[in-house]
Chemist: 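One structure coming up, written as structure tokens, with questions to follow.
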Amino acid sequence: MFKRALVVLSVLAFASSSGFADKIHQPKLTPQNSGTTQGLIAVSPVNERVVWASGRGGTFVKTTNGGKTWTAGVVPGAEALQFRDVEGVSEEVAYLSSIGNTTTDFRIYKTVDGGATWTMQFENQNPAAFYDCFAFWTPRRGIAHSDSVNGVFPDLRTTDGKTWKDISANMPPALAGEASFAASGTCVATQGERNAWIATGGSTAARILATRDGGNTWNAYDTPVVSSPSAGAFSVDFRDGWHGIVGGGDLDPADLNMAGTATSDDGGQTWTLTNAAPVTGAIFGLSYVRRGEDEGEDGGRAVVVTANAGGAAWTPDEGKTWFALPGVTGYWAVAFASPRAGWLVGVNGTILKVHF
């Protein structure tokens, strides 16, 4: 399984929650100094001020002022690992999920003192497991997802923010070779108190595994995203309990135009391909542009931004219309706290703040 700049742009377009506005514009992109040259692979905004990101070399970075300054650190004992996912809870609390070359390199760490110290909560013992990503409903309730092992997904769940327990018996049977991609920490998405969706590939179909009860029971649904041993659904996000988007493609360099996205309006049961985003290679990560803390709740704008090594793009209408972000390449992950506070992270420690 395969695991593993910039201008402020002129006025073109923007979207409101009810559709196209009269004037729409490209987002403003502001480079920020991460404090590291290690590649960054995942990003998790807590709010407009506090953001955590993680990546290679056991590295994590954090800002508490919206990215004006970042501090970088390395988790002791994890210097050879890659943190493929991060979950920011607050300025003081965050989780990290690692991958590596040996069985026990797949770990989950937690800090409660802003990254000064880290406690290892989970260390994998299954020689065939590959933990790709995790996501949380609350600061103490979350799920971690692995590639399948002998037809079973050895997934984990925490309900106390301290211990992780196996829920493989709850998961649907896996297809032969079915796996996910540790590309941006977004192969799992959670929403509300109990909804979650997992994006897969690597087999005959790219699927979404979905739960409505916090991981007690799951259903599997096919998507139209391309799937093969090197292809599938990499990233999934939902803006409410029913409306979501999935993105992926093929890591085979011979299929650079196989990036694809699909949307669902029934909670992930059925999916429809969107128009193609103007990028090459697989879409590593995507995110809805979240509403801000002071902007009320209206189900979220249907604006989505993608990230991948071969480009980045955004859509104001969930894939009907796309705009490239010219010159923006080499970014792995994207996430938003609000329309005026999103972040792209990528190779060599690069960070872009995104403001709509």
Side-chain angles (χ1 to χ4, degrees), residues 1-4 32-46 50-64 67 69-136 142 144-147 156 158 161-164 180-187 284-285 307 309 330-333 335 343-351:
M1 198 54 221
F2 291 81
K3 301 294 182 186
R4 327 280 160 258
Q32 297 183 332
N33 185 354
S34 69
T36 183
T37 58
Q38 294 284 354
L40 297 175
I41 297 169
V43 60
S44 178
V46 177
V50 179
V51 188
W52 296 76
S54 66
R56 304 179 189 277
T59 300
F60 66 93
V61 299
K62 182 183 73 169
T63 181
T64 59
T69 58
W70 291 80
T71 57
V74 175
V75 176
E79 294 85 354
L81 306 183
Q82 299 180 33
F83 287 122
R84 292 295 180 103
D85 205 352
V86 59
E87 177 77 10
V89 175
S90 68
E91 183 175 335
E92 299 297 323
V93 181
Y95 299 82
L96 292 168
S97 177
S98 68
I99 73 166
N101 296 319
T102 66
T103 297
T104 56
D105 287 346
F106 297 88
R107 306 172 188 171
I108 295 174
Y109 291 86
K110 184 180 183 180
T111 183
V112 295
D113 55 13
T117 62
W118 294 84
T119 300
M120 185 167 60
Q121 296 187 327
F122 168 76
E123 185 178 58
N124 177 52
Q125 302 299 320
N126 183 336
F130 193 112
Y131 288 90
D132 302 277
C133 51
F134 60 9
F136 287 72
H145 172 66
S146 169
D147 294 352
L156 308 171
T158 183
K162 298 178 181 179
T163 57
W164 294 81
S180 293
F181 296 83
S184 64
T186 56
C187 67
F284 288 176
Y331 289 88
W332 283 53
W343 285 267
L344 283 154
V345 301
V347 298
N348 303 319
T350 52
I351 295 181

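A quick note: this is a predicted structure, and the numbers were derived from the prediction, not measured.
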Chemist: Taking all atoms of both residues into account, what is the closest heavy-atom pair of Asp85 and Ala42, and its distance?
Modeler: CA-CB, 3.6 Å
Chemist: Looking at side-chain heavy atoms only, is the closest gap between Leu81 and Phe106 below 4.5 Å?
Modeler: no
Chemist: Compare every heavy atom of Val93 with every heavy atom of Val112, then report the nearest pair and how far apart it is.
Modeler: CA-CG2, 4.1 Å
Chemist: If I compare all heavy atoms of Ala72 with all of Gly35, which pair ends up nearest, and what's the gap?
Modeler: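 Between these two residues, the closest heavy atoms are CB-O, 3.6 Å.
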Chemist: Among residues at least two apart in sequence or on other chains, which ones pass side-chain hydrogen bond (donor to acceptor under 3.5 Å, both in side chains) with Thr102?
Modeler: Asp105
Chemist: Determine yes or no for a side-chain-to-main-chain donor-acceptor pair under 3.5 angstrom, with Ser34 supplying the side chain and Gly349 the backbone.
Modeler: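 Pair found, side chain donor or acceptor close to backbone of Gly349.
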Chemist: Could you work out, with ring pair (Phe, Tyr, Trp, His ring centres under 6.0 Å) as the rule, every residue matching Phe136, not counting sequence neighbours?
Modeler: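 Applying ring pair (Phe, Tyr, Trp, His ring centres under 6.0 Å) to Phe136 gives Tyr95, Phe134, Trp164.
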Chemist: Where is the tightest heavy-atom contact between Asn33 and Trp70, given as atom of each residue plus distance?
Modeler: O-CD1, 3.3 Å
Chemist: Might you work through the side-chain contact (heavy atoms from CB on, under 4.5 Å) test for Ser180 and Asp147, ending with a clear yes or no?
Modeler: CA-CA 6 Å; Ser180 293; Asp147 294 352; 4.3 Å; yes
Chemist: Under the rule for side-chain hydrogen bond (donor to acceptor under 3.5 Å, both in side chains), what residues qualify as partners of Asn348, not counting sequence neighbours?
Modeler: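 side-chain hydrogen bond (donor to acceptor under 3.5 Å, both in side chains) check on Asn348 returns nothing, list empty.
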Chemist: Kindly write out the residues that satisfy salt bridge (Lys or Arg N to Asp or Glu O under 4.0 Å) with Glu92, not counting sequence neighbours, or none if the list is empty.
Modeler: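 Applying salt bridge (Lys or Arg N to Asp or Glu O under 4.0 Å) to Glu92 gives none.
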Chemist: Over all heavy atoms of both residues, which pair between Thr186 and Gly285 is shortest? Give the atoms and the distance, please.
Modeler: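 Residues Thr186 and Gly285, closest heavy atoms: OG1-CA, 4.0 Å.
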Chemist: Evaluate the criterion side-chain contact (heavy atoms from CB on, under 4.5 Å) for residue pair Glu91 and Val46; output intermediate values, then yes/no.
Modeler: CA-CA 8 Å; Glu91 183 175 335; Val46 177; over 6 Å; no
Chemist: For Trp118, what residues pass the ring pair (Phe, Tyr, Trp, His ring centres under 6.0 Å) criterion, not counting sequence neighbours?
Modeler: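 Checked Trp118 against ring pair (Phe, Tyr, Trp, His ring centres under 6.0 Å); matches are Phe60.
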Chemist: Rounded to the nearest 0.5 Å, what's the gap from CG on Leu96 to OH on Tyr109? Could you check?
Modeler: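 Rounded to the nearest 0.5 Å, the CG-OH separation comes to 9.0 Å.
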Chemist: Is there a donor-acceptor pair under 3.5 Å between the side chain of Ser98 and the backbone N or O of Arg107?
Modeler: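 Pair found, side chain donor or acceptor close to backbone of Arg107.
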Chemist: What are the two closest non-hydrogen atoms of Ala183 and Trp332, and how far apart are they?
Modeler: O-CE3, 2.9 Å
Chemist: Out of curiosity, Thr104 OG1 to Asn124 CG, how far, rounded to the nearest 0.5 Å?
Modeler: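 Going from OG1 on Thr104 over to CG on Asn124, the span is 8.0 Å.
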Chemist: Is it true that a side-chain atom of Ser146 and a backbone atom of Phe130 form a donor plus acceptor pair closer than 3.5 Å?
Modeler: yes
Chemist: Between Tyr131 and Leu156, is there a side-chain heavy-atom distance shorter than 4.5 Å?
Modeler: yes
Chemist: Could you tell me whether the side chain of Thr63 and the main chain of Thr69 form a donor-acceptor pair under 3.5 Å?
Modeler: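 Present.
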Chemist: How far does CD1 of Ile108 sit from CD of Glu123, to the nearest 0.5 angstrom?
Modeler: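 So the CD1 of Ile108 and the CD of Glu123 are separated by 11.5 Å.
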Chemist: Looking only at atom types and distance, does a side-chain atom of Arg84 sit under 3.5 Å from a main-chain N or O of Ala182, one as donor and one as acceptor?
Modeler: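 Yes: the side chain of Arg84 pairs with the backbone of Ala182.
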Chemist: Look at the side chain of Ser184 and the backbone N and O of Phe284, then say whether any donor-acceptor pair between them is shorter than 3.5 Å.
Modeler: yes
Chemist: Does the Thr64 side chain pair with the main chain of Val50, one donor and one acceptor, at a distance under 3.5 Å?
Modeler: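 No.
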Chemist: Using the disulfide bond (SG atoms under 2.5 Å apart) rule, collect all pairs that involve residues 87-134, keeping only residues at least two apart or in two chains.
Modeler: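 Qualifying pairs: Cys133-Cys187.
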Chemist: With rounding to the nearest 0.5 angstrom, report the CD to OG1 distance, Gln32 to Thr350.
Modeler: 11.5 Å
Chemist: Quick check: does any side chain N or O of Lys110 sit under 3.5 Å from a backbone N or O of Gln121, one acting as donor and the other as acceptor?
Modeler: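 The answer is no, because no donor-acceptor pair under 3.5 Å joins these two groups.
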Chemist: Can you find a heavy atom in the side chain of Gln38 that is under 4.5 Å from one in the side chain of Phe83?
Modeler: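 No. Closest side-chain heavy atoms not under 4.5 Å.
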Chemist: Is the side chain of Ser44 donor-acceptor paired with the backbone N or O of Glu87 at a distance under 3.5 Å, no angle test?
Modeler: no
